[in-house]
Amino acid sequence: MPDRSTPPSRLSSELSNWYRANARDLPWRRRQFHDEYGAWGTLVSEFMLQQTPVSRVIPHLEAWLRRWPTPASMSRATPAEVVQQWANLGYPRRALWLHRAAIEITDRHRGEVPRDVDALLALSGIGDYTARAVAAFAYGDRHPVVDTNTRRVLARVLDGRSQPGPASRRDLVTMAALLPQADADSAVFNAAAMELGAVVCTARSPRCERCPVVDVCAWVAAGRPDTGDERRRQARYEGSDRQARGAVLKVLRDAAGGDVPADAVIPDWPDAGQRDRAIDSLIADGLVEAAEGCLRLPR
DNA sequence: CACCCGTGGAA
DNA sequence: TTTCCAAGGGT
């Protein structure tokens with residue numbers, strides 16, 4: 001196990017300085033965004049950013065928040081409305097979880113997005129990353145925020161590996177040890193590590209010549225070895241159950257939440273058994289509703 | 001911990 | 001064309 005107990009000094013300050021000068025101008029980093037939507041805006045953006053690229057989130061985020069500017073307003077929507085507004089952002093269960101979280105916030109927290117990490121963790125669809133991202137970026141509190149970008153940066157700079165291993169609680173401990181003492185500074189450093197991983201220390205062809213911490217990077221010092229990728233490969237999508245589910249849901253979204261005869265939903269799917277399993281699993285997930293021989297988004 | 005869950009752009 | 005990967009989380 002790599003030793004992370006003695007990280008290179010000044011890593012935090014160098015990264016933070018680089019971030020202050022080079023951060024991308026993203027919607028959720030703007031003062032006006034926070035003024036208008038508060039922690040709810042941060043929470044929604046983080047939900048959308050779970051496994052969906054920044055460039056695809058941006059055009060959806062504004063429309064979403066204009067329609068549902070508060071948790072209470074979204075709590076009054078139907079699942080069908082939410083899943084349809086989610087459109088093609090992917091992993092539609094996240095839309096359901098976000099909806100559920102809005103209801104939980106309305107019921108348990110008087111419509112205010114909680115600031116406490118444990119309270120955030122108790123909400124649907126919120127895990128270690130999102131809970132701390134909201135606490136740090138919306139409320140400015142000092143917590144280790146570790147996403148896939150940060151894990152890759154830590155793996156390279158500290159461990160000299162080309163790619164991070166599976167996500168682990170150990171990454172939280174490592175990041176916590178690197179945080180500057182001041183709350184505001186620690187929020188910046190969290191964002192800086194993510195930003196470096198997103199634009200410089202990328203998974204493929206990293207731009208080390210533009211890296212502000214290249215001189216303290218263990219991976220560069222070791223000659224940028226390919227240490228192999230410990231992560232399990234993403235399953236093939238073509239022909240998968242996920243593809244079938246996606247096709248079913250697209251038909252129902254395109255029907256604008258209206259009823260669609262069950263036998264008119266992807267009738268020519270190559271594998272009829274797979275199609276039926278997909279529909280059943282979507283119903284089990286609460287993403288589809290069956291009624292009178294028809295399928296529809298749940299009302 | 002391993003596996004599952006969408007979608008689309010880039011290499 | 002195929003593969004990779006993207007501000008993860010639930011089970």
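Naming convention: chains lettered A, B, ... in sequence-line order (proteins, then strands); numbering from 1 in each chain.
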Check: Distance check: side-chain N/O of N88(A) vs OP1/OP2 of dG6(B), anything under 4.0 Å?
Finding: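 So the side-chain polar atoms of N88(A) never come under 4.0 Å of the phosphate oxygens OP1 or OP2 of dG6(B).
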
Margin query: Taking 4.0 Å as the cut-off, does a side-chain nitrogen or oxygen of R152(A) come that near to OP1 or OP2 on dA6(C)?
Written below: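 For R152(A), the contact criterion (side-chain N or O under 4.0 Å from OP1 or OP2 of dA6(C)) is met.
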
Notebook entry, point to check: Can you tell me if R224(A) and S162(A) form a side-chain donor-acceptor pair at under 3.5 Å?
Noted result: no

Touch class at under 4.0 angstrom, heavy-atom based, for [X] against every strand present:
X: T150(A); result: nothing
X: A203(A); result: sugar-phosphate
X: L121(A); result: nothing
X: G127(A); result: sugar-phosphate
X: T130(A); result: sugar-phosphate
X: D285(A); result: nothing
X: W28(A); result: base
X: R29(A); result: base

Note to self: Both Q51(A) and S205(A) contact DNA chain B. Which one's nearest nucleotide lies toward the 5' end?
What the structure shows: Q51(A)

Next item on the list: Would you kindly compare S281(A) and A167(A) by the position of their nearest DNA chain B nucleotide and give the one closer to the 5′ end?
Entry: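 Its nearest nucleotide lies further toward 5', so the answer is A167(A).
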
Notebook entry, point to check: Taking atom P in both dA7(C) and dA2(B), what distance in whole Å separates the two?
Noted result: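 Roughly 23 Å separates the two P atoms.
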
Notebook entry, point to check: For atom P, what is the distance between dG6(B) and dT11(C), given to the nearest Å?
Noted result: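 Nearest-Å result for dG6(B) against dT11(C) at atom P: 14 Å.
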
Notebook entry, point to check: Is the W68(A) to W40(A) ring centre distance short of 6.0 Å?
Noted result: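 When the ring centroids of W68(A) and W40(A) are compared, they turn out to be at least 6.0 Å apart.
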
Next item on the list: Measure from the side-chain heavy atoms of R204(A) and tell me the nearest of dA6(C), dC4(C), dG9(C).
Entry: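 Closest of the options to the side chain of R204(A): dC4(C).
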
Next item on the list: For DNA chain B, determine which residues of residues 235-255 of chain A have any heavy atom closer than 4.0 angstrom to one of its atoms, and list them numerically.
Entry: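 Listed by number, they are Y237(A), D241(A), R242(A), R245(A), G246(A), R253(A).
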
Note to self: Regarding dC4(C), can its base be found pairing with the side chain of Q234(A) as donor and acceptor, where the two atoms are less than 3.5 Å apart?
What the structure shows: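 Answer is no: no donor-acceptor pair is held.
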
Note to self: With hydrogens left out and only the distance checked, is there a donor-acceptor pair under 3.5 Å joining S55(A)'s side chain and the base of dG9(B)?
What the structure shows: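 Flag unset: no donor-acceptor pair detected.
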
Any salt bridge between [X] and [Y], counting N to O under 4.0 Å?
X: D183(A); Y: R142(A); answer: no
X: R132(A); Y: D141(A); answer: no
X: E62(A); Y: R66(A); answer: yes
X: D128(A); Y: R169(A); answer: yes

Notebook entry, point to check: Between G273(A) and D271(A), which heavy-atom pair has the shortest distance, and what is it?
Noted result: N-OD1, 3.0 Å

Item checked: R275(A) side chain vs A244(A) backbone, donor-acceptor pair below 3.5 Å -> no

Note to self: Please report the distance, rounded to the nearest Å, between CD1 in I266(A) and P in dG6(B).
What the structure shows: 13 Å

